[in-house]
Protein chains: 2
Amino acid sequence: MRVTQADIAKIANVSQATVSRVLAGDDHVEPILRDRVLRIMREKNYRPDVRARSLRLQQTNLIGLVLKRPRGALVDDPFFAALTSGIVDALAAKPYHLCLDYVTDQASQEHVYDEMLRSRRVDGLILVEPTARDERVELLQRDKFPFVIIGNPHNDEIASIDNDNVVAGRIGTEHLISRGYRKIVFLAGPEGFVFSDDRVDGYVQAMVDAGLQPRVVHCAFGLEAARDASLALFDGPDCPDAMLVLDDFMAYGTYMAARSRYMEVPDELGIVGFNDSLLCRMAEGGLTSVSLNLDLMVRRAVAKLLDIIESGQVTTPAREIVPCAISVRGSSSSARGVVQK
Amino acid sequence: MRVTQADIAKIANVSQATVSRVLAGDDHVEPILRDRVLRIMREKNYRPDVRARSLRLQQTNLIGLVLKRPRGALVDDPFFAALTSGIVDALAAKPYHLCLDYVTDQASQEHVYDEMLRSRRVDGLILVEPTARDERVELLQRDKFPFVIIGNPHNDEIASIDNDNVVAGRIGTEHLISRGYRKIVFLAGPEGFVFSDDRVDGYVQAMVDAGLQPRVVHCAFGLEAARDASLALFDGPDCPDAMLVLDDFMAYGTYMAARSRYMEVPDELGIVGFNDSLLCRMAEGGLTSVSLNLDLMVRRAVAKLLDIIESGQVTTPAREIVPCAISVRGSSSSARGVVQK
DNA sequence: CTGTTAGCGCATTCAA
DNA sequence: TTGAATGCGCTAACAG
């Protein structure tokens with residue numbers, strides 16, 4: 001049977017309240033009693049029951065993350081890996097744990113939100129990929145439930161952490177331009193995804209500023225789709241001399257396409273991706289990539305959420321932007337120096 | 001303020017017990033009362049408090065996973081991604097959630113186990129990578145705490161799901177032999193890791209059975225280490241004609257090494273990895289890999305754990321082995337057919 | 001400094 | 001069929 005404070009109290013010949021005080025580190029306890037209680041706790045291998053504590057304190061020390069993905073699509077999703085690992089990392093030093101959930105469709109998503117929040121399973125929530133006018137957000141606001149959004153809630157009163165995808169697009173583009181590339185194509189994701197559209201905007205700005213002609217190609221997410229789209233581009237008229245690709249995964253597809261057409265990287269084709277992930281080390285000479293500092297974003301998001309949970313209010317500034325930076329590698333900078341065109 | 005069963009009861013003019021019964025779907029409630037209660041619950045947007053329910057029922061509907069890794073090493077760990085996503089996937093249809101934790105060293109590992117188990121934060125635990133004579137396991141057994149191990153606990157009374165790494169090693173080796181390779185080297189991880197050592201065993205058996213000379217090279221985990229070890233091997237005396245590599249990541253390192261030495265894959269060098277991960281599609285022509293069916297393992301582990309939690313005892317057979325299978329791709333099978341030597 | 005008491009919100013036994 | 005009463009294990013206000 002499980003040993004409770006009452007058991008300890010009986011053995012130590014004190015009241016259960018005293019046991020509780022000892023546990024809380026209350027100074028106002030006679031040292032001799034304190035030691036006795038502690039000794040018996042150790043002897044009896046006592047551990048407080050977090051369930052009871054949760055009920056009493058009205059908090060669970062759990063924070064929730066709910067991801068919506070098609071069935072089985074989590075394994076290969078680098079965003080998922082970065083997100084969860086970042087959260088767990090950031091939580092490691094805190095008395096909080098991560099409660100991870102996963103839904104495949106909108107209906108069950110709402111159900112899970114009910115289950116996690118309103119049932120008080122977690123103390124707060126990290127939201128990602130909010131869609132425009134997200135119902136979840138309204139519910140959370142109405143119920144004054146602590147939450148933070150990674151992304152753009154389009155509402156300055158809501159706590160959020162974001163990167164600046166427009167700037168990221170600019171940075172990548174300007175880097176390629178500075179290396180002498182001119183016929184730079186942006187290989188984007190499907191239209192309608194904010195992070196993709198924003199990067200495209202930055203790209204277009206930079207191109208126009210440099211007096212160059214922007215050219216955007218949309219394709220599905222993923223390695224294969226990007227490879228095929230790149231091949232079509234290489235084989236078509238007006239082959240680009242550089243490509244800015246939505247993410248490292250797709251950029252790797254472009255890299256594969258270049259290899260299969262025997263185009264030299266970076267001399268015949270410059271490639272820049274986004275995210276600065278492990279994949280960048282998997283191409284010969286490395287893949288240049290714009291880092292969005294997802295890791296930092298996650299850390300900040302966690303810190304902000306815990307702040308809100310503990311202070312009971314949204315701390316200002318509600319919205320924080322994490323800067324991006326470019327990691328230059330072989331795919332955009334020949335060992336022989338800047339490309340001359 | 002939060003609405004409770006007592007609130008509902010007061011409004012509906014019934015006792016709190018009746019509200020509880022309605023919630024539980026108890027048949028022995030007058031339909032008219034039932035409807036009234038349900039209506040008011042909906043009106044008042046009532047949700048039961050899982051904390052109170054947990055305390056009362058002595059269960060949290062949470063299962064725990066604790067991973068031990070060096071700081072920040074989670075992001076790029078494909079095992080972590082497969083594991084967590086598999087668990088969350090498997091849990092999606094059940095009334096359970098995943099509580100994910102993470103520690104960097106042994107001391108905090110034990111602390112977290114205390115915190116999660118003995119404090120009853122979770123109903124059960126999934127353990128991975130148990131070391132020989134794992135203390136955690138003894139504690140869990142003593143406290144009759146529900147848990148299941150992914151790996152080999154070397155104890156037939158403990159619930160565990162495992163793959164057969166020895167067979168996996170054999171399969172990979174026999175495949176290479178059947179393709180005409182003879183000077184096959186096994187690039188293994190550091191010594192002392194069971195999954196690595198077992199695969200080596202299978203490799204050695206298969207080589208000896210075929211009358212070939214086994215040759216095992218140990219190196220650190222990771223892409224770079226494997227690449228460097230492979231380069232050393234290629235540059236040294238008696239260059240291999242095929243390599244069996246501990247995991248896909250390292251196999252990709254071998255693949256990079258081969259490219260930088262201008263060795264044709266698969267004609268001059270066959271490569272086979274393990275895990276059949278996404279990386280296998282990133283090499284030109286694909287990387288042949290032995291699938292350990294980690295996904296299936298995880299699903300089975302979750303099912304087994306829930307079984308134990310709900311039945312209160314370890315179900316037989318305690319130990320289950322998930323079969324492995326090889327996915328043949330370009331790195332071991334030339335489009336021109338079987339390699340002739 | 002310590003013990004008594006009162007809930008936290010819920011499920012459940014026991015009476016009615 | 002329903003309600004009153006009890007307790008899960010803990011913290012905290014209050015009294016002594």
Side-chain angles (χ1 to χ4, degrees), chain A residues 1-38 40-41 44-62 95 114-115 117-123, chain B residues 1-38 40-41 44-62 95 114-123 143:
Chain A
M1 190 39 203
R2 182 163 174 63
V3 36
T4 70
Q5 288 187 357
D7 301 330
I8 302 292
K10 187 169 299 177
I11 300 173
N13 224 4
V14 295
S15 76
Q16 180 258 338
T18 299
V19 178
S20 180
R21 286 196 190 96
V22 171
L23 199 68
D26 193 324
D27 284 338
H28 308 267
V29 177
E30 196 77 11
I32 187 152
L33 278 189
R34 204 181 65 88
D35 291 347
R36 189 156 87 220
V37 169
L38 283 175
I40 297 177
M41 278 182 174
K44 292 297 172 188
N45 201 22
Y46 168 78
R47 284 263 113 190
D49 186 315
V50 293
R51 310 200 227 67
R53 196 205 293 264
S54 289
L55 178 58
R56 182 61 232 239
L57 298 182
Q58 301 286 52
Q59 63 166 46
T60 59
N61 287 312
L62 242 37
D114 268 13
E115 157 73 12
L117 308 186
R118 310 223 341 264
S119 67
R120 306 283 152 162
R121 185 176 285 292
V122 298
D123 293 337
Chain B
M1 190 39 205
R2 181 163 178 63
V3 35
T4 71
Q5 289 187 355
D7 300 329
I8 303 292
K10 187 169 297 175
I11 301 172
N13 224 0
V14 296
S15 75
Q16 176 261 331
T18 299
V19 177
S20 179
R21 287 194 188 97
V22 170
L23 199 68
D26 193 323
D27 284 338
H28 307 266
V29 176
E30 197 75 13
I32 186 155
L33 278 188
R34 204 182 64 90
D35 291 347
R36 188 155 88 221
V37 169
L38 283 175
I40 296 178
M41 278 182 175
K44 292 297 173 186
N45 201 19
Y46 169 77
R47 282 264 113 191
D49 186 317
V50 293
R51 312 201 225 64
R53 197 205 292 267
S54 289
L55 178 59
R56 180 62 229 239
L57 298 181
Q58 302 285 49
Q59 64 165 46
T60 58
N61 286 315
L62 241 38
D114 269 13
E115 156 73 11
M116 285 191 95
L117 309 186
R118 307 216 352 253
S119 68
R120 306 283 152 160
R121 185 176 285 292
V122 299
D123 293 338
D143 295 351

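Here is how names work: the chains are called A, B, and so on, in the same order as the sequence lines, proteins then strands, and each is numbered from 1.
In this structure the side chain of V3(A) reaches within 4.5 angstrom of the side chain of I8(A), judged on heavy atoms. A 4.5 Å side-chain heavy-atom check between K44(A) and D7(A) finds every atom pair outside the cut-off. Within the 4.5 Å cutoff, no side-chain heavy atoms of R21(A) are placed close to those of V37(A).
For dA11(C), one of the phosphate oxygens OP1 or OP2 lies less than 4.0 angstrom from a side-chain nitrogen or oxygen of Q5(B). Phosphate contact (OP1/OP2 of dG9(C), side-chain N/O of T4(B), threshold under 4.0 Å): absent. Listed pair T18(B) / dG3(D) meets the phosphate criterion, a side-chain N or O lying under 4.0 Å from OP1 or OP2. In this model, the phosphate group of dG9(D) is approached by a side-chain N or O of Q58(B) to a distance below 4.0 Å at OP1 or OP2. In terms of phosphate contacts, Y46(A) brings no side-chain nitrogen or oxygen within less than 4.0 Å of OP1 or OP2 of dG9(D).
Regarding L55(A), its CG atom lies at a distance of 9 Å from the P atom of dC10(C), rounded to whole Å. If you take CG of D26(A) and C1' of dC1(C), they are 9 Å apart, rounded to a whole angstrom. The distance from atom CG of N13(B) to atom P of dA4(D) is 11 Å, rounded to the nearest whole Å. Rounded to whole Å, atom P of dT2(C) lies 10 Å from atom CZ of R36(A). Nucleotide dG9(D) holds its P atom 15 Å from the CG atom of L23(A), rounded to whole Å. Counting to the nearest Å, the P atom of dC10(D) and the CZ atom of R21(A) are 15 Å from each other. The NE2-C1' distance, from H28(A) to dA15(D), rounds to 16 Å in whole Å. Atom C1' of nucleotide dC10(D) and atom CZ of R51(B) are separated by 13 Å, given to the nearest angstrom.
Over its full length, the helix from dC1(C)-dG16(D) to dA16(C)-dT1(D) turns its helical axis through 50°, comparing axes from the five pairs at each end and rounding to 10°.
Each of A6(A) and P31(B) has a nearest nucleotide on DNA chain D; the 5'-most of these lies closest to P31(B).
Out of dA13(D), dG3(D), dG9(C), the shortest distance to the side chain of A52(B) is found at dG9(C). For R53(B), the listed nucleotide lying nearest its side chain is dA11(C); candidates were dG9(D), dA11(C), dG3(C). When each of dC1(C), dT5(C), dT12(C) is scored by its nearest atom to the side-chain atoms of A17(B), the top-ranked nucleotide is dT12(C). Considering only the side chain of L33(A), dT2(C) comes nearest among dC10(D), dC10(C), dT2(C). If you check dG3(C), dC10(C), dT5(C) against the side chain of V14(A), the one that comes closest is dG3(C).
Counting only distance, with no hydrogens or angles, the side chain of R36(B) and the backbone of A12(B) share a donor-acceptor pair below 3.5 Å. Using modelled atom types, no side-chain atom of R121(A) and backbone atom of L62(A) make a donor-acceptor pair closer than 3.5 Å. At distances below 3.5 Å, at least one donor-acceptor pair connects side-chain atoms of S54(A) with backbone N or O atoms of V50(A). The backbone N or O of H28(A) lies less than 3.5 Å from no partner atom in the side chain of R34(A), so there is not a single donor-acceptor pair.
Listed here is the closest heavy atom pair of T60(A) and R51(B): CG2-CD, 3.5 Å.
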